[in-house]
J.: 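Take this structure first; my questions come after.
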Protein chains: 2
Amino acid sequence: MVTMSDVAREAGVSMMTVSNVLTGRKRVGEPTRDRVLAAVESLGYEVNLTARHLRAGRTDTVALIVPSFHDYFGEVADRIAPLIEAGGRHLVLERTSADARSEMESLSVPRLQMYDGVFLSVAGLGRDEIDRVPTSAPIVLLGEREMPGRFDHVRLANGEGARLATAHMLERGSRRVLALGGAVGSSAGMESDRRAGWAEAHRAAGLVPDDRLVVPLPDFTSEAAHQALGQVLDDGPAFDGIFAVNDTVAFGALAALAERGVRVPDEVQLAGFDNLDVSRFVPPGITSVDPGYDVVAATAVRLLEQRMAGSDAPREHVTTPVSLVERGSTRADVGPG
Amino acid sequence: MVTMSDVAREAGVSMMTVSNVLTGRKRVGEPTRDRVLAAVESLGYEVNLTARHLRAGRTDTVALIVPSFHDYFGEVADRIAPLIEAGGRHLVLERTSADARSEMESLSVPRLQMYDGVFLSVAGLGRDEIDRVPTSAPIVLLGEREMPGRFDHVRLANGEGARLATAHMLERGSRRVLALGGAVGSSAGMESDRRAGWAEAHRAAGLVPDDRLVVPLPDFTSEAAHQALGQVLDDGPAFDGIFAVNDTVAFGALAALAERGVRVPDEVQLAGFDNLDVSRFVPPGITSVDPGYDVVAATAVRLLEQRMAGSDAPREHVTTPVSLVERGSTRADVGPG
DNA sequence: CTGTTAGCGCTTTCAA
DNA sequence: TTGAAAGCGCTAACAG
C-alpha cells in the first residue's frame with residue numbers, strides 16, 4: 001500500500017505538503033504542487049479515509065438502518081440521499097435482520113458510532129429495548145410506534161391515513177370493510193394505529209366496527225395477504241371493501257380477488273397504504289394513502305442535522321401528514337353498496 | 001468520548017488488558033476481567049471501530065454500490081447480505097447517482113478502499129471510464145454489458161432470457177411482438193442484448209424482426225413505458241405481444257393497455273424480465289424472465305471472497321442462467337394469433 | 001510557503 | 001497472565 005509518506009519522499013517534500021495539496025486546505029506553491037501531483041499519479045496513491053476519519057473524529061457518513069429497503073424505506077432512502085449529500089456527507093444503507101436478536105446485534109454500539117448520524121427504524125424491537133440503545137451517535141428514529149422520549153422521532157399519521165382510506169370506501173358505498181393486516185391484540189405498532197383509524201371511520205359513519213373483519217397477517221407480504229384473503233373469501237365473513245395495511249399487502253389481496261373472479265372496485269373496493277410507484281400502474285390503479293415522502297425525508301434530515309451540529313434542543317416527535325390518492329380500485333361515485 | 005485508556009485507568013489495568021477482555025483474543029484472569037467489564041459498564045465505553053480498522057487495515061465491511069436499490073438490485077442485495085454476514089463481514093449499500101459525473105465521483109478511489117470489497121454496478125459509465133476505476137479494493141462488477149477484462153464480472157444471460165420470453169409468446173400465437181425498451185442504436189448495454197434475443201426468437205420462428213416494433217424508452221420506469229406504449233397504441237404499428245425490458249416497464253405497459261381496454265393476454269400477450277415479487281400478484285400475473293437471484297448472489301459473493309482472500313487467479317466473467325416463469329399475462333395454449 | 005512534532009484510539013509485537 | 005512500546009496513516013498546530 002502506498003502511503004502519504006511514500007508520496008512525500010518521491011516528491012521530495014514533507015507529508016504535510018502532500019496533505020495540503022490533496023485537501024486544498026492551505027496554499028501550496030505551483031511547482032511544489034505539481035511535483036506532488038506527479039508523485040501521486042506515478043505511485044498511484046490513494047488517501048486512506050480510515051486514517052483521515054480517525055484523525056478527524058468524523059466519518060462524514062450517515063447511515064439509514066432499516067429492516068428492508070424495498071417499498072416504503074426504499075422510497076424514503078431515495079429522498080433522504082440527496083439531502084444528506086447536499087450537506088456534504090454520504091448516505092449508506094444497512095439492513096437489520098428481521099429477527100430482534102440480530103436486530104439488536106446490528107445496533108451494536110460500535111457500529112452506530114462509526115457514523116456521524118443514523119436514521120434508525122426498528123421493526124422487531126420493543127420500546128424498552130430501543131430505550132437501551134446507547135445514544136453515542138445522533139439518532140433519528142423512523143417508525144410507526146411509540147418511541148422513547150430520548151430520541152428524535154418521525155412517524156406518519158397512521159390512524160388518520162387508515163381513517164381517510166376507510167371513510168372513502170364507506171362513502172363510496174362499502175359497508176363491510178376488511179382491515180387486512182390489522183392487529184388483533186393491542187400492540188403499539190403501526191398496524192394497530194391503522195386499525196384504530198379503520199374503526200374510527202366506521203363509527204364516524206354510524207357503523208359498528210366488526211372485529212371479525214380484522215384479518216391479522218403473519219407478515220406484511222403479498223404472499224401472506226394472498227393466502228389470508230383466500231381463506232376469508234372461501235369461508236370467512238362477507239365483505240365489500242378492503243383496507244390493506246400497505247400496498248404490498250394490497251397486491252396480494254388483488255391477486256386473491258382476481259383468482260376468484262371478484263371484480264374491483266365493483267364488488268369489492270380496495271385501498272392500500274404507502275402509495276408505491278407501482279400502485280399507480282397496476283390496473284385498475286390502487287387507491288392508496290400517500291405518506292408524503294418528501295416531508296418525511298426533509299423532517300428526518302432536519303432533525304438529524306440539527307443533532308449532528310451539536311444541538312441539545314429538546315427531542316422532537318414529529319408526526320407527518322398523509323393524504324389519500326384515489327384511483328380505480330375504489331369507486332368514483334356512490335354505488336349501491 | 002470515553003477511550004480505552006480511560007477504562008484501563010478506571011480498572012487499574014493496562015490498555016492491553018482491556019483490549020484482550022473486549023476482543024477475547026487472549027486469556028485474562030477472572031477477577032481482572034470482571035473489573036474491566038465493570039469499568040466498561042460504568043463509563044459507558046464503546047470501542048472505536050475507526051481506530052480498530054486503521055490498526056487492522058481492514059474494515060470488515062463490503063459495499064454494494066448500485067444505481068438504485070429498487071427492483072432488481074434490491075432483490076440481489078437481499079440474497080447477498082446473508083452470504084456476506086456468514087463470512088463475518090457487514091454489507092452496506094450505496095446508491096450511485098444517476099448521472100455519470102457523480103457516478104464517477106462516488107467511485108472515487110478513497111471511498112472504494114474504505115471497504116474490504118465492493119460489488120459495483122455502473123449504469124452511466126462507459127467501458128473506458130470503468131476501466132479507469134483503480135483496482136485498489138477487490139471489486140466484482142455486476143451489470144449487463146461488456147466490462148473490462150481486469151475485473152471479475154457477473155452478468156445475466158440477457159439475450160437468452162429475451163429469446164425465451166419472445167419465443168414463448170410467438171409459440172402462443174403472437175406474430176408482432178413489441179420490444180418495449182429495446183435499444184435502437186448499437187449500444188452494448190443490457191437493452192441491446194435483450195433486443196438481440198427478441199430478434200433471434202423471431203428468426204427462429206421464421207419471422208423477420210420488424211424494427212418498427214422496437215420501442216426505445218428514455219428510462220426504464222413504469223411512467224416512461226406507460227407514455228411510450230400509449231403513443232404506440234394511439235398511432236403506432238399494430239402488435240399482439242410485448243416483451244418488456246423489465247418488469248417495471250411491464251407494469252407501465254399493463255396500465256396503458258388497461259386504459260384502452262386491451263385485454264391481456266387475449267389480445268396482447270405481455271412478458272417482462274426480473275421476476276419481481278410483485279409480478280406474481282399483479283393480475284393476471286406477469287410472465288417474466290427469472291434472473292436466478294440466488295445464483296447471481298452466490299456467484300458474486302464467491303468471486304469477491306476469493307479476491308478478498310488475496311487470490312490472483314485470472315479474472316472471471318460469469319454469465320448466469322435465466323429461466324422463464326409463465327403466468328397469466330401470456331396464453332396457456334396456442335391461440336388464433 | 002514548507003516542515004516538525006504530536007497524537008487521533010486501537011492492537012501487534014515483545015518483554016516481564 | 002499482564003504490561004510497555006511502537007506504530008497503523010493521517011492532519012492540527014505551531015515553527016521556520
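We name chains A, B, ... by the order of the sequence lines, and we start the count at 1 in each one. The analysis underlying the following values was restricted to heavy atoms, covering all of them including side chains, and did not include hydrogens, waters or symmetry mates.
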J.: May I ask you to say what B/T50 touches in the nucleic acid, namely base, sugar-phosphate or nothing, with a heavy-atom cut-off under 4.0 Å?
T.: nothing
J.: The side chain of A/T17 lies closest to which of these nucleotides: C/dT2, C/dC8, D/dA12?
T.: C/dT2
J.: Among C/dG7, D/dA13, D/dT1, find the nucleotide with the atom closest to the side chain of A/R55.
T.: C/dG7
J.: Return yes if some donor-acceptor pair links the side-chain N/O of A/E46 with the main-chain N/O of B/R111 below 3.5 Å, else return no.
T.: no
J.: Side chain of B/R52 only, heavy atoms from C-beta on: which candidate in C/dC10, C/dG9, D/dC10 is closest?
T.: C/dC10
J.: Rounded to whole angstroms, how far apart are CZ on B/R9 and P on C/dC10?
T.: 13 Å
J.: Expressed in angstrom and rounded to an integer, what is the separation of A/L22 atom CG from D/dG9 atom P?
T.: 16 Å
J.: Take B/A56 and B/V28, find for each the nucleotide of DNA chain D with the closest heavy atom, and name the residue whose nucleotide sits nearer the 5' end.
T.: B/V28
J.: Do the side-chain N or O atoms of A/T3 get closer than 4.0 angstrom to the phosphate oxygens (OP1, OP2) of D/dG9?
T.: no
J.: Could you give the CG-to-P distance, from A/N20 to D/dA12, as a whole number of Å?
T.: 8 Å
J.: Hey, is the side chain of B/T32 poking within less than 4.0 Å of OP1 or OP2 on D/dT2, counting only N and O atoms?
T.: yes
J.: At less than 4.0 Å, is any side-chain N or O atom of B/S19 found next to OP1 or OP2 of C/dT11? Yes or no.
T.: yes
J.: With sugar-phosphate meaning primed atoms plus P, OP1 and OP2, does A/G57 contact a base, only sugar-phosphate, or nothing at under 4.0 Å between heavy atoms?
T.: nothing
J.: To the nearest angstrom, how far is A/M16 atom CE from D/dG16 atom P?
T.: 17 Å
J.: Choosing from D/dT2, C/dC8, D/dT11, which nucleotide comes nearest the side chain of B/K26?
T.: D/dT2
J.: Please report the distance, rounded to the nearest Å, between CE in A/M4 and P in D/dA12.
T.: 10 Å
J.: When we call it a touch if two heavy atoms are under 4.0 Å apart, what does A/M15 touch: a base, just sugar-phosphate, or nothing?
T.: base
J.: Is B/R155 paired with B/D193 through a side-chain N to carboxylate O contact shorter than 4.0 Å?
T.: yes
J.: Between D/dC10, D/dT1, C/dG9, spot the one nearest the side chain of B/A51, thanks.
T.: C/dG9
J.: Rounded off to whole Å, could you give me the CG-to-C1' distance for the A/L54 and D/dG7 pair?
T.: 12 Å
J.: Please report the interatomic distance CD(A/E305) to CG(A/D116), rounded to the nearest 0.5 Å.
T.: 10.5 Å
J.: Taking everything shown except B/R33 itself, do over 12 heavy atoms lie less than 6.0 Å from its CZ?
T.: no
J.: Using a cut-off of 6.0 Å, state whether more than 12 heavy atoms not belonging to B/R302 lie near its atom CZ.
T.: yes
